[in-house]
Q: 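Before I ask anything, let me first share the structure, which is written out below as structure tokens.
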Protein chains: 2
Amino acid sequence: MKSPTIYDVAEKAGVSIATVSKVINNTGRISDKTRKKVLSVMDELNYYPSVVASALTGKRTHMIGLLLPNLANPFYAELARNMEDRADELGYSLVICSTDYKEEKEQKYVSLLIRKRVDGFIITSGFNNVDLVQELLDHKIPVTLIAYNITRKSLNTVSVDDYTGGYQATAHLAELGHKRIAVITEQVQSSADRIRGYKTALNDFELLYDDNLFSEAQATVENGEKEAGKLLNLEDPPTAIFAFNDILAIGAMEAVHKRGLSIPEDVSIIGFDNTILAKHCYPPLTTMAQPLDEIGNQAVDLLVGEIESKITRKQRVMLSAELVIRDSTGPLKKKKKTNASDVSIQ
Amino acid sequence: MKSPTIYDVAEKAGVSIATVSKVINNTGRISDKTRKKVLSVMDELNYYPSVVASALTGKRTHMIGLLLPNLANPFYAELARNMEDRADELGYSLVICSTDYKEEKEQKYVSLLIRKRVDGFIITSGFNNVDLVQELLDHKIPVTLIAYNITRKSLNTVSVDDYTGGYQATAHLAELGHKRIAVITEQVQSSADRIRGYKTALNDFELLYDDNLFSEAQATVENGEKEAGKLLNLEDPPTAIFAFNDILAIGAMEAVHKRGLSIPEDVSIIGFDNTILAKHCYPPLTTMAQPLDEIGNQAVDLLVGEIESKITRKQRVMLSAELVIRDSTGPLKKKKKTNASDVSIQ
DNA sequence: TTGAAAGCGCTAACAA
DNA sequence: TTGTTAGCGCTTTCAA
């Protein structure tokens, strides 16, 4: 009933537990004969060495705590999947915890994972409690941050160039002739840089920043719809909306459609992330693609590097987002007062 | 540098480790004074009891291994998220492993999780290796299956009524007047029942089963598109396609669009799952909604019930899918040869 | 109400 | 090449 232990194996193989341990871990020198014997007994007994026990003797648990806002969000799900694969390649498993942007959950999960003695943490954007990160650092627990910088601290970090991303998205819209470009931002750290990019682009294209065209929401379709709705109800509504993630963008599309307007004829919409949703919504969403695989790989590599002390210096990896043009953005339509004679002949 | 142990706490609090252990676990009787003292020292020292150590003394690890085909698939991501929440409520964490429908990965992850001494397994559809499940059973490791029955064995199981689901989807199409209804099935166990439902419905509506209208693919958009493409290229193509999950359905939509046909005017499409994709694709997808929250809760409850031996008898929970009608299905269009006089006046 | 001590399954000196 | 043994941090009897 109880699973066999190293003692059972040792006894049955007629050797000491030290010998068994050595063949399990491929350490020390063991004669081929003994090794084979032990191996066959292990097999016969269906013996699975306990990582619990081995972790207690100072070895690692080979578990990584992954904190993200919401696993049901395709962006995070895709990211998590990439990290899972990379982690597995390096011999680690992921314990995934959704914080829902709530500090109490962050708190709870961090302490839970510390008690479980995970070897390190990967923390993604949307994490609010900086003190918690500091606590991990104090405990000398390796941490890698994704899309989330704490400039005052020295940390492993991987993120995309949000400033440029924000700039490019805005510029794309401006180049299409849009003058009133709204943003629906998200309350996460990467937003700040995207907003900077947005403002710089506005400036470069000689457009005025209008506070009315600025909104903020948590990443749900409903919120995107609500915020876009407000924007569209403005006296002088935007002709283009830059949503800081695909989910919000899709909500915005909903709002546009519900008003009987079309995309991109009446309103252009651009998202951010390039999740699976972007490809299959209607119309297909122009968006800034994040290199999710690269982000995941780098984050895991950095973390495991630190865990196994192969990397000693902290690194900040910056990747770039890329504009993917689909059908949700298009040239600014002429104003209503435009009459037939205005139509450019081409 | 090293994290404090129970000894550090005991020493600093001037008590024995047994006492500390008792206040940690709320066992035995401890005077209020000592308890407070110990608690304050724990806090002061930033002490986090090691579940690794406690697991070694026969306690649980409070970890559940969750095996699913692919976390990047929104269906599984949403399911996992629900289970994560429920597990957390009951004090458990999830270690999620994506098997990609590959037996070798199943094998690898199962033994990995056994070594990690997870308290139990939740295994979802798309798991191929029945022997592996048997092995877990032999080890007396609690297992709950989702959408995956092994009739010969006594197991905890939660699934939706796939037979009825398959029937309803097909009936919906048949009621709309469709005669040639194709299916794109998936190579998972639940497909069998859906196929039965499909065939029964065909029969009830006096339609003939046509082997040419039957295809099978793994759940990716690309595969859905490919299979639908083949179907559409048939001499006598289907006017309706029933895809066994939303992802395949979306691929099928793609194929229809690429041929310049419209949905549902030329081809009706129905999916299964009702993931976030279904709501926002174009046109919004009619689909059979799975009660993901119920499934997740039940699966976790069943598993934890067995782990904590509160439930002794195995249960099979069957939930039902529900038809959600959106815009991707519509009445059968009259044939091309139809002329004006055929148009019904209404 | 508290504590001493054995033991959980394994690793890693150190000896042999 | 193999074995003995002392921990790892905790739980749990059993005594005090």
Side-chain angles (χ1 to χ4, degrees), chain A residues 1-39 41-42 45-63 111-112 114-119 139 141, chain B residues 1-39 41-42 45-63 111-112 114-119 139 141:
Chain A
M1 219 91 312
K2 254 182 74 301
S3 41
T5 72
I6 199 170
Y7 289 96
D8 302 321
V9 177
E11 187 178 357
K12 185 140 188 180
V15 298
S16 74
I17 59 164
T19 303
V20 177
S21 174
K22 280 168 197 154
V23 352
I24 292 172
N25 301 294
N26 262 302
T27 53
R29 355 196 85 275
I30 299 289
S31 75
D32 228 52
K33 194 172 148 225
T34 342
R35 170 185 318 281
K36 284 215 181 80
K37 175 68 183 161
V38 170
L39 250 17
V41 170
M42 281 172 48
L45 256 35
N46 252 300
Y47 168 69
Y48 290 93
S50 162
V51 343
V52 170
S54 98
L56 193 58
T57 69
K59 307 282 262 193
R60 309 196 169 89
T61 55
H62 289 273
M63 297 205 300
S111 65
L112 183 70
I114 292 180
R115 287 204 301 273
K116 294 211 194 272
R117 297 295 190 262
V118 297
D119 295 328
H139 281 261
I141 300 176
Chain B
M1 218 92 311
K2 256 183 72 304
S3 41
T5 72
I6 199 171
Y7 288 97
D8 303 320
V9 176
E11 188 178 355
K12 185 138 188 182
V15 297
S16 73
I17 59 164
T19 303
V20 177
S21 175
K22 279 168 196 154
V23 353
I24 292 172
N25 301 294
N26 262 304
T27 52
R29 355 196 88 273
I30 300 288
S31 75
D32 228 51
K33 194 170 148 227
T34 349
R35 170 185 317 281
K36 285 214 180 83
K37 176 69 183 160
V38 170
L39 251 15
V41 170
M42 282 172 49
L45 255 35
N46 251 301
Y47 167 70
Y48 290 93
S50 163
V51 345
V52 170
S54 95
L56 193 59
T57 67
K59 307 279 263 193
R60 309 194 170 90
T61 56
H62 290 273
M63 297 205 300
S111 65
L112 183 70
I114 292 180
R115 286 206 301 276
K116 293 210 194 271
R117 299 294 190 262
V118 297
D119 296 327
H139 282 261
I141 300 175

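Within every chain, numbering begins at 1; the chains are lettered A, B, ... in the order of the sequence lines, protein sequences first and strands thereafter.
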Q: Calculate the interatomic distance between R117(B) atom CZ and dC8(C) atom P; express it in whole Å.
A: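 In whole Å, dC8(C) P and R117(B) CZ are 14 Å from each other.
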
Q: Would you classify T34(B) as touching base, sugar-phosphate or nothing, given that sugar-phosphate means primed atoms plus P, OP1 and OP2, and contacts are heavy atoms under 4.0 Å?
A: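 Sugar-phosphate, backbone atoms only, no base.
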
Q: What's the CG-P distance between D8(B) and dC8(D), to the nearest Å?
A: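 Rounded to whole Å, this separation is 11 Å.
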
Q: Below 3.5 Å, does any donor atom in the side chain of Y7(B) face an acceptor in the base of dC8(D), or the other way round?
A: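 Under the 3.5 Å cut-off, the side chain and the base do not form any donor-acceptor pair.
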
Q: Start with the C-alpha distance between T61(A) and K116(A), add both sets of side-chain angles, then the distance that settles side-chain contact (heavy atoms from CB on, under 4.5 Å), and finish with yes or no.
A: CA-CA 9 Å; T61(A) 55; K116(A) 294 211 194 272; over 6 Å; no

Q: Name the nucleic acid region contacted by S21(B), choosing base, sugar-phosphate or nothing; use a 4.0 angstrom heavy-atom cut-off, strictly under.
A: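 Since a base atom lies under 4.0 Å of S21(B), the category is base.
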
Q: I want to check one thing: is the phosphate of dC8(C), taken as OP1 and OP2, less than 4.0 Å away from some side-chain N or O of K59(B)?
A: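 So the side chain of K59(B) is outside the cut-off, no N or O lying under 4.0 Å from OP1 or OP2 of dC8(C).
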
Q: Is T19(B) near enough to dG3(C) that one of its side-chain N or O atoms lies under 4.0 angstrom from OP1 or OP2?
A: yes

Q: How long is the line joining CG of L56(A) and P of dA6(D), in whole Å?
A: 17 Å

Q: Take the protein atom OH of Y48(A) and the nucleotide atom P of dC10(C), then report the distance between them rounded to whole Å.
A: 14 Å

Q: Please state how far atom CZ in R60(A) lies from atom C1' in dC8(D), giving the value in whole angstrom units.
A: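 So the CZ-C1' distance, R60(A) to dC8(D), works out to 16 Å.
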
Q: Base, sugar-phosphate, or nothing for K22(B), non-hydrogen atoms under 4.0 angstrom?
A: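 Base, at least one base atom sits under 4.0 Å.
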
Q: How many Å lie between CZ on R29(B) and C1' on dT12(D), as a whole number?
A: 17 Å

Q: Whole-Å distance between dG9(D) P and I114(A) CD1?
A: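 Spelled out: CD1 on I114(A) to P on dG9(D) is 16 Å.
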
Q: Are OP1 or OP2 of dG3(C) and a side-chain N or O of S16(B) less than 4.0 angstrom apart?
A: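 Yes, within the criterion.
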
Q: Is there a donor-acceptor contact under 3.5 Å linking the side chains of T57(A) and S54(A)?
A: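 Per modelled atom types, T57(A) and S54(A) side chains form no pair under 3.5 Å.
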
Q: Look up atom CZ in R35(B) and atom CG in N26(B), then write down how far apart they are to the nearest 0.5 Å.
A: 5.5 Å

Q: For the helix from dT1(C)-dA16(D) to dA16(C)-dT1(D), figure out the bend between the end axes, five pairs an end, and round to 10 degrees.
A: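 For the helix from dT1(C)-dA16(D) to dA16(C)-dT1(D), the axes at opposite ends meet at about 40°.
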
Q: Determine the sole option in M42(B), K36(B), K37(B) for which the side-chain contact (heavy atoms from CB on, under 4.5 Å) test with L39(B) is passed.
A: M42(B)

Q: Looking at T57(A), does any N or O in its side chain come under 4.0 Å of the phosphate oxygens OP1/OP2 on dG9(C)?
A: no

Q: If you pin V20(A) and G28(B) to their nearest nucleotides in DNA chain C, which one's is more 5'?
A: G28(B)

Q: Identify whether any heavy atom of I17(B) sits under 4.0 Å from a base atom; if not, whether one sits that close to sugar-phosphate; answer base, sugar-phosphate or nothing.
A: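 I17(B): base contact, heavy atoms under 4.0 Å.
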
Q: When we call it a touch if two heavy atoms are under 4.0 Å apart, what does V15(B) touch: a base, just sugar-phosphate, or nothing?
A: sugar-phosphate

Q: Which part of the nucleic acid, if any, lies within reach of V51(A) when heavy atoms closer than 4.0 Å are counted: base, sugar-phosphate only, or nothing?
A: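 It contacts nothing in the nucleic acid.
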
Q: Any non-hydrogen side-chain atom of Y47(A) less than 4.5 Å from a side-chain atom of I6(A)?
A: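 Counting from C-beta outward, Y47(A) and I6(A) do come under 4.5 Å.
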
Q: Could you say whether D32(B) or A18(A) is positioned toward the 5' end of DNA chain C, judged by the nucleotide with the nearest heavy atom to each?
A: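 Checking each residue's closest nucleotide, the 5'-ward one belongs to D32(B).
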
Q: Atom CD1 of I6(B) to atom C1' of dG3(C): distance rounded to whole Å?
A: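 After rounding, the reported distance stands at 12 Å.
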
Q: Between L112(A) and R115(A), is there a side-chain heavy-atom distance shorter than 4.5 Å?
A: yes

